[in-house]
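Take a look at the structure set out below.
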There are 2 protein chains.
Amino acid sequence: MSRRSGVLEFAVLGLLRESPMHGYELRKRLNTSLGVFRAFSYGTLYPCLKTLVAQGWLAEETTSDDPLAAPLAGRRAKIVYRLTSAGKEHFEDLLAQSGPDAWEDEQFGVRFAFFGHTERDVRMRVLEGRRSRLEERLEKMRASLARTRERLDDYTLELQRHGMESVEREVRWLNELIETERAGRGRAKGRPADQGRDDTNPTDTTK
Amino acid sequence: MSRRSGVLEFAVLGLLRESPMHGYELRKRLNTSLGVFRAFSYGTLYPCLKTLVAQGWLAEETTSDDPLAAPLAGRRAKIVYRLTSAGKEHFEDLLAQSGPDAWEDEQFGVRFAFFGHTERDVRMRVLEGRRSRLEERLEKMRASLARTRERLDDYTLELQRHGMESVEREVRWLNELIETERAGRGRAKGRPADQGRDDTNPTDTTK
DNA sequence: TTCGTCATGTAATGGGTTACATGATTAC
DNA sequence: GTAATCATGTAACCCATTACATGACGAA
């Protein structure tokens, strides 16, 4: 009932926004389409889909609903999940959030992956929030390094250095992105700012 | 009984190797001393310490054991944990492992942090294993990118690109480290290559 | 016909956090 | 004396994985 998995829920909703899919395919897309994204196991994915259906955000469609498919009774159906209009609405709500959660490591990646469907000002807030989050982290690392430097051996030091450099690198990346956004060259799916909520889905579902 | 948390256990053992500590202090060191290391909550740490004691790898010492401290009965004691000789032995065993687990994201960081106590050939295997793990990952990313490139919007593409670049960067880092090790300039705690397993420990344990 | 991959699910378990409860010690 | 921080612990819960069980479908 309270299976509220955050990232997974968000990612599923977002992927199904593009076109209906069944669970198995969904899982593959979680690895690939979405940046460097973790692979959830089926033990996580399927129960999650069930609760999303229960919430009214997804609708199941078994292949037997398809008039072209052989009407075999008792045959285990392949279940295609489709985003309902309530689900679409819910996804837009999630998409509009730009608060602290959205700058955490896990959330941020998924959020970014769906920037193509996100309003420009929200994108900016998420990007800037993420950056300040990383800068805080950097501050803490620097402070703790200053305190403990002489007590640490070379390997620990090297690890620390490399870690900080990674974070610094991400900050620079964010700076560039923010710059691009500010210059108005945000790249949202071909068309610049307009994102019509088309209910006619373009991809072939029945195949 | 089966509270076998892997990383945490390893990190605790390693930190206590240097000097005895109590839980609270231990937790702080997990954030700082060990590279960019995650902070475990007390709800994880304290139970873990208990099981390590039960295993015979740690020994508890309450401050009331200290003859200088006031002998107040019933007073909640500050518990200092000390690595037993069995614990030290167990840690050496863990340290000697260089199998697949050691090249996973989580494990690798801690392993590296304790390279100062690790044999050179083990260091090499861990470093090389990690590198090949990352190269596999890179291969997969490249393949999936090649398959799906045209279907992805600019943001997703950018995320993917940045992710791959991060991994590539870590590979280059590993290359340098491996080079250094191969050149014999492994930097284990001051002295270059020699690391006799001295049982006379140099850090003051009794303090 | 057998093997690999597609496809869906569940029960047990694991590893961790949160929130809570308690109390000592230090700085102001 | 009171607030912050040091210090230790527990119970309830959460999120996800593992191992298992089932079965369809296509290719060799």
Side-chain angles (χ1 to χ4, degrees), chain A residues 1-12 20-32 37-54 58 60-64 66 69-81 101 104-107 110 207, chain B residues 1-12 20-32 37-54 58 60-64 66 68-81 101 104-107 110:
Chain A
M1 201 154 221
S2 58
R3 180 143 333 252
R4 183 151 311 239
S5 165
V7 258
L8 180 54
E9 175 184 308
F10 189 81
V12 165
M21 264 179 279
H22 51 261
Y24 193 86
E25 198 182 342
L26 210 37
R27 186 182 182 254
K28 278 192 300 180
R29 303 271 316 252
L30 287 172
N31 298 317
T32 56
F37 201 52
R38 54 185 299 187
F40 289 91
S41 65
Y42 298 118
T44 310
L45 181 57
Y46 285 116
C48 172
L49 287 170
K50 284 285 156 76
T51 69
L52 291 179
V53 169
L58 300 186
E60 300 184 329
E61 270 157 30
T62 56
T63 42
S64 47
D66 184 350
L72 303 169
R75 165 161 150 249
R76 165 113 80 150
K78 192 158 98 172
I79 302 171
V80 174
Y81 292 92
D101 290 348
E104 290 316 322
D105 296 304
E106 253 208 336
Q107 288 251 357
V110 211
K207 184 202 157 189
Chain B
M1 204 155 223
S2 58
R3 179 139 340 247
R4 184 150 311 238
S5 166
V7 257
L8 180 54
E9 175 184 307
F10 189 80
V12 165
M21 264 179 282
H22 50 261
Y24 192 88
E25 199 184 342
L26 210 37
R27 184 180 184 255
K28 279 192 302 182
R29 304 268 319 248
L30 287 172
N31 297 317
T32 57
F37 200 54
R38 53 184 297 187
F40 289 92
S41 65
Y42 298 118
T44 311
L45 180 57
Y46 285 116
C48 172
L49 287 170
K50 285 285 155 74
T51 69
L52 291 179
V53 169
L58 301 186
E60 300 184 329
E61 271 156 29
T62 57
T63 41
S64 46
D66 184 349
L68 291 175
L72 303 170
R75 165 161 151 248
R76 165 114 81 150
K78 193 158 98 172
I79 302 171
V80 175
Y81 292 92
D101 291 347
E104 291 316 323
D105 295 306
E106 254 208 333
Q107 288 251 357
V110 211

If the condition is side-chain contact (heavy atoms from CB on, under 4.5 Å), which residues does Glu106(B) pass it with, not counting sequence neighbours? Val7(B), Arg38(B)
Quick check for you: among dG16(C), dG9(D), dG9(C), whose closest atom lies nearest to any side-chain atom of Ile79(B)? dG9(D)
Could you state the atom-to-atom distance from OH of Tyr42(B) to C1' of dT17(C) in whole Å? 14 Å
Sequence neighbours left out, what passes side-chain contact (heavy atoms from CB on, under 4.5 Å) with Tyr46(B)? Give chain and number order. Tyr24(B), Tyr42(B), Leu49(B)
Does the side chain of Tyr81(B) reach to within under 4.5 Å of the side chain of Glu60(B), using non-hydrogen atoms? yes
Is the phosphate of dT17(C), meaning OP1 or OP2, less than 4.0 Å from a side-chain N or O of Ser41(B)? yes
Terminal axis angle for the helix from dT1(C)-dA28(D) to dC28(C)-dG1(D), five pairs an end, nearest 10 degrees: 30°
To the nearest 0.5 Å, what is the distance between CG on Leu52(A) and CG on Leu8(A)? 7.5 Å
For Gly23(A) against Leu45(A), the heavy-atom pair lying closest together: O-CD2, 3.3 Å
Whole Å only: how far is the CG atom of Leu49(A) from the C1' atom of dG9(C)? 11 Å
Note: Thr44(A) and Pro47(A) closest approach over all heavy atoms is O-CD, 3.5 Å
Partners passing side-chain hydrogen bond (donor to acceptor under 3.5 Å, both in side chains) against Arg27(B) (at least two apart in sequence or in another chain): none
Rounded distance [0.5 Å steps], CZ in Phe40(A) versus CG in Leu26(A): 11.0 Å
Tell me which of Lys50(B) and Leu45(A) sits closer to the 5' end of DNA chain D, going by the nucleotide each one is nearest to. Lys50(B)
Nearest to the side chain of Tyr81(B), which nucleotide is it out of dT17(D), dG9(D), dT8(C)? dG9(D)
Rounded distance (Å) that lies between atom P of dC15(D) and atom CZ of Phe10(A): 17 Å
Hey, is the side chain of Thr44(A) poking within less than 4.0 Å of OP1 or OP2 on dT17(D), counting only N and O atoms? yes
Considering only nitrogen or oxygen atoms on both sides, find all protein atoms under 3.5 Å from nucleotides 4-6 of chain C and state each distance.
unit_1, atom_1, unit_2, atom_2, d
dC6(C), OP2, Tyr24(A), OH, 2.6

Need one value for Gly23(B): base, sugar-phosphate or nothing, where a base atom within 4.0 Å counts as base even if backbone is also close, heavy atoms only. sugar-phosphate
Tell me: CZ of Arg27(B) to P of dT5(D), nearest whole Å? 14 Å
